[in-house]
Peer 1: 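This is the structure, below, for whatever I ask next.
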Amino acid sequence: MMNDFIKQLTLKVTSRFSPILLTTLQLTLMLALMMITLPSFAIEAESANEIENTASTVGIAEAKVVLSYSRGQIANSTDSASQEQVLKNIKQRVLLGDSDQEKNKTINTTREDLIEQKHQQARKQSTTRSITATPRLNLSSRSFSDGTFVIYEGYSQLIEDLDADGYFQTFSVTFDADLLTGNPHDEALVYAELYLSENGGPWIHYYSTDNFVIHGESSDDEFEVYSTLEQGFNTNHYDILIDLYEEGYPNIVASYSSDDSNSLYALPLESSDYDVEYVEYYTEVHSDGGSSSAFILIIMVIAFSIRQFKFKKVISMSSLMRMKSVK
């Protein structure tokens, strides 16, 4: 409709123009039309990109899988890696897809179910030993029956939050397990099961540590676990629980949780599929300004053309009158 209007206007105004002036006017109108339509194309392209991004986000949400990447180590050992090196190793594992789930270090089950699994395995092992006439161990107890295992303290550290929304995808948990026997030289081989509780919900297992040795009441055997939540963890507050086991025995020998330390309570966490680094993109689309400029330009050209036409008409009439007067 706009094009038809411009064409009709052009025909009416330029029917008596010179070829040069007519060509200039046509080029000006083409330029004005380009200025009007290009912003519209830009807006359409931007809308198409938004639709595509939305579709991708929906696809990711539908294919959500719980994934995490962790590493545990003795915190104060001389050969333990620095925090920077640990995080670098975790990022490398993310690239390789070498998740805790692939390593069977994460069992996506509740605390109650995992405890039951350990006792079932212990009963099977006990039955096997009885059949083979192997001396039977008391698998429902522990080796240090006259001692006490405790977790002296535990705390967390929030490490990485890419989108700066206050919810972190990478964090660490450090705890100090002790063996109280009266003999500071006693040692025990232990491991820990770590759980997350989302906003007061059930305890869900997220990491099993390797075996490590604790030395009496020494503080030099603190154990730390660095974790990056890669996928499937909602943006929320999470509590942490640590269960300590002596290797070879199914019973929990010590526990420590958010009930014992505020540092393990209500950690603001989210997986990296929610923690996307924010980047600002600036797109300048002057649809209104471009249209206004185009119309102003058209009006100026038309006004100039009309003025030139009137000027030529006046000159022609003056010349005609002079010729008549001479005659």
Peer 1: Over all heavy atoms of both residues, which pair between Tyr206 and Phe171 is shortest? Give the atoms and the distance, please.
Peer 2: OH-CE1, 3.7 Å
Peer 1: Please find the pair of heavy atoms, one from Ser227 and one from Ile90, that lie closest to each other, and give the distance.
Peer 2: N-CD1, 4.4 Å
Peer 1: Could you report the tightest heavy-atom contact between Val150 and Ala254, atom names first, then the distance?
Peer 2: CA-CB, 3.9 Å
Peer 1: Group every Ile, Leu, Val, Met, Phe, Trp and Tyr by side-chain heavy-atom contacts under 4.5 Å, then state whether Ile115 and Leu196 land in the same group.
Peer 2: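 Shared cluster, no.
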Peer 1: Is it the case that more than 12 heavy atoms not belonging to Tyr265 sit under 6.0 Å from its OH atom?
Peer 2: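 At most 12 heavy atoms, drawn from other residues, nucleotides or ligands, come within 6.0 Å of this atom.
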Peer 1: Would you please test Leu114 and Gln117 for side chain to side chain contact (heavy atoms under 4.5 Å, CB included) and show each step?
Peer 2: CA-CA 5 Å; Leu114 184 56; Gln117 289 178 24; 4.0 Å; yes
Peer 1: Are Ile242 and Trp203 joined in one hydrophobic group, where the rule is that I, L, V, M, F, W and Y side chains link up if heavy atoms are under 4.5 Å apart?
Peer 2: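 Shared cluster, no.
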Peer 1: With the side chain counted from C-beta on, respond yes when Asp161 and Asp275 share a heavy-atom pair under 4.5 Å apart, and no when they do not.
Peer 2: yes
Peer 1: Looking at every heavy atom in both Ser219 and Asn76, which two are closest together, and how far apart are they?
Peer 2: O-ND2, 3.0 Å
Peer 1: Which distance, rounded to the nearest 0.5 Å, do you find between the CG of Leu264 and the CG of Leu194?
Peer 2: 9.0 Å
Peer 1: Are Lys118 and Glu193 ion-paired here, with the side-chain N under 4.0 Å from a carboxylate O?
Peer 2: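 The answer is yes: the pair qualifies as a salt bridge.
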Peer 1: Roughly how far, to the nearest 0.5 Å, is OH of Tyr69 from OG of Ser272?
Peer 2: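 Between atom OG of Ser272 and atom OH of Tyr69 there are 8.5 Å.
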Peer 1: Within the structure provided, determine whether Glu270 and Phe168 are in side-chain contact (heavy-atom separation under 4.5 Å).
Peer 2: no
Peer 1: Using the six-membered ring wherever Trp is involved, compare the ring planes of Phe175 and Phe223 and label them parallel, tilted or perpendicular (cut-offs 30° and 60°).
Peer 2: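 If you compare the ring of Phe175 with that of Phe223, the planes turn out tilted.
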Peer 1: Keeping Asp239 on the side-chain end and Ala266 on the backbone end, is there a donor-acceptor pair under 3.5 Å?
Peer 2: yes
Peer 1: Could you check whether any side-chain heavy atom of Asn89 comes within less than 4.5 Å of a side-chain heavy atom of Tyr226, counting everything from C-beta outward?
Peer 2: no
Peer 1: To the nearest 0.5 Å, what is the distance between CZ (Phe149) and CD1 (Ile252)?
Peer 2: 13.5 Å
Peer 1: So does Asp210 pair up with Lys103, basic N to acidic O under 4.0 Å?
Peer 2: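 Judged by the 4.0 Å cut-off on N to carboxylate O distance, Asp210 and Lys103 do not form a salt bridge.
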Peer 1: When you group the ILVMFWY residues by side-chain heavy-atom contacts below 4.5 Å and let the links chain together, are Tyr256 and Tyr191 in the same group?
Peer 2: no
Peer 1: With heavy-atom distances below 4.5 Å as the criterion, would you say the side chains of Ser143 and Tyr249 are in contact?
Peer 2: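 Yes. Closest side-chain heavy atoms under 4.5 Å.
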Peer 1: Is it true that a side-chain atom of Ser271 and a backbone atom of Phe233 form a donor plus acceptor pair closer than 3.5 Å?
Peer 2: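 Checking the backbone N and O of Phe233 against the side chain of Ser271, a donor-acceptor pair under 3.5 Å is found.
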Peer 1: Going hydrophobic residue to hydrophobic residue with side-chain gaps under 4.5 angstrom, can you get from Leu179 over to Tyr245?
Peer 2: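 No, no single cluster joins them.
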Peer 1: Look up atom CZ in Arg71 and atom CD in Glu224, then write down how far apart they are to the nearest 0.5 Å.
Peer 2: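 Here the rounded value is 9.5 Å.
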Peer 1: Is a side-chain donor-acceptor pair under 3.5 Å present for Thr228 with Thr170?
Peer 2: yes
Peer 1: Using side-chain heavy atoms (C-beta onward) and a distance below 4.5 Å, is Gln101 in contact with Ser68?
Peer 2: yes
Peer 1: Is there a side chain to side chain contact (heavy atoms under 4.5 Å, CB included) between Glu222 and Tyr155 once you walk through the steps?
Peer 2: CA-CA 11 Å; Glu222 280 189 339; Tyr155 58 90; 3.9 Å; yes
Peer 1: So which heavy atom on Pro268 is nearest to which on Gly166, and how close?
Peer 2: CB-O, 3.3 Å
Peer 1: Could you measure the distance from the CG atom of Leu229 to the CD atom of Gln169? Nearest 0.5 Å is fine.
Peer 2: 8.0 Å
Peer 1: With heavy-atom distances below 4.5 Å as the criterion, would you say the side chains of Val213 and Asp221 are in contact?
Peer 2: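 No, every pair of side-chain atoms sits at 4.5 Å or beyond.
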Peer 1: Please confirm whether the backbone N or O of Ser208 pairs with a side-chain atom of Lys105, one donor and one acceptor, at under 3.5 Å?
Peer 2: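 Looks like yes, one N/O pair under 3.5 Å.
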Peer 1: What do the steps show when you test Ser70 against Asp100 for side chain to side chain donor-acceptor pair (under 3.5 Å), and what is the final call?
Peer 2: CA-CA 6 Å; Ser70 304; Asp100 297 335; 2.8 Å; yes
Peer 1: Given side chain to side chain contact (heavy atoms under 4.5 Å, CB included), test Ile214 with Asp178 step by step and report yes or no.
Peer 2: CA-CA 6 Å; Ile214 58 175; Asp178 290 334; 5.9 Å; no
Peer 1: Crowded around Asn183 CG? As in, over 12 foreign heavy atoms under 6.0 Å?
Peer 2: yes
Peer 1: Check whether Tyr195 and Leu269 end up in the same hydrophobic cluster, where Ile, Leu, Val, Met, Phe, Trp and Tyr are linked by side-chain heavy atoms less than 4.5 Å apart.
Peer 2: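 In one cluster: no.
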Peer 1: Do Leu241 and Arg111 come close enough that some side-chain heavy atom pair is under 4.5 Å?
Peer 2: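 Side chain of Leu241 against side chain of Arg111, heavy atoms only: contact under 4.5 Å found.
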Peer 1: Answer yes if the side chains of Asp243 and Ser255 hold a donor-acceptor pair under 3.5 Å, and no otherwise.
Peer 2: yes
Peer 1: Please step through salt bridge (charged side-chain N to carboxylate O under 4.0 Å, His left out) for the pair Lys91 and Glu230, ending with a clear verdict.
Peer 2: CA-CA 10 Å; Lys91 290 182 184 299; Glu230 178 67 12; over 6 Å; no
Peer 1: Classify the side-chain pair Asp113/Thr110 by whether it contains a donor and acceptor separated by less than 3.5 Å.
Peer 2: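 Distance-only check passes for Asp113 and Thr110.
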Peer 1: Judged by atom type as modelled, is there a donor-acceptor pair below 3.5 Å linking the side chain of His205 to the main-chain atoms of Ile107?
Peer 2: yes
Peer 1: Only one of Asp163, Thr235, Asn234, Asp165 clears side chain to side chain donor-acceptor pair (under 3.5 Å) with Tyr274; which?
Peer 2: Asn234
Peer 1: Is the side chain of Arg142 donor-acceptor paired with the backbone N or O of Pro250 at a distance under 3.5 Å, no angle test?
Peer 2: no
Peer 1: Going through the distances and angles, do Val190 and Phe212 end up as a side chain to side chain contact (heavy atoms under 4.5 Å, CB included)?
Peer 2: CA-CA 6 Å; Val190 298; Phe212 60 98; 3.7 Å; yes
Peer 1: Got a second to check how far Ile240's CD1 is from Ser156's OG, nearest 0.5 Å?
Peer 2: 5.5 Å
Peer 1: Might you point out which heavy atoms bring Gly232 and Asp273 nearest each other, and give the distance in Å?
Peer 2: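 Here Gly232 and Asp273 meet closest at N-OD2, 3.5 Å.
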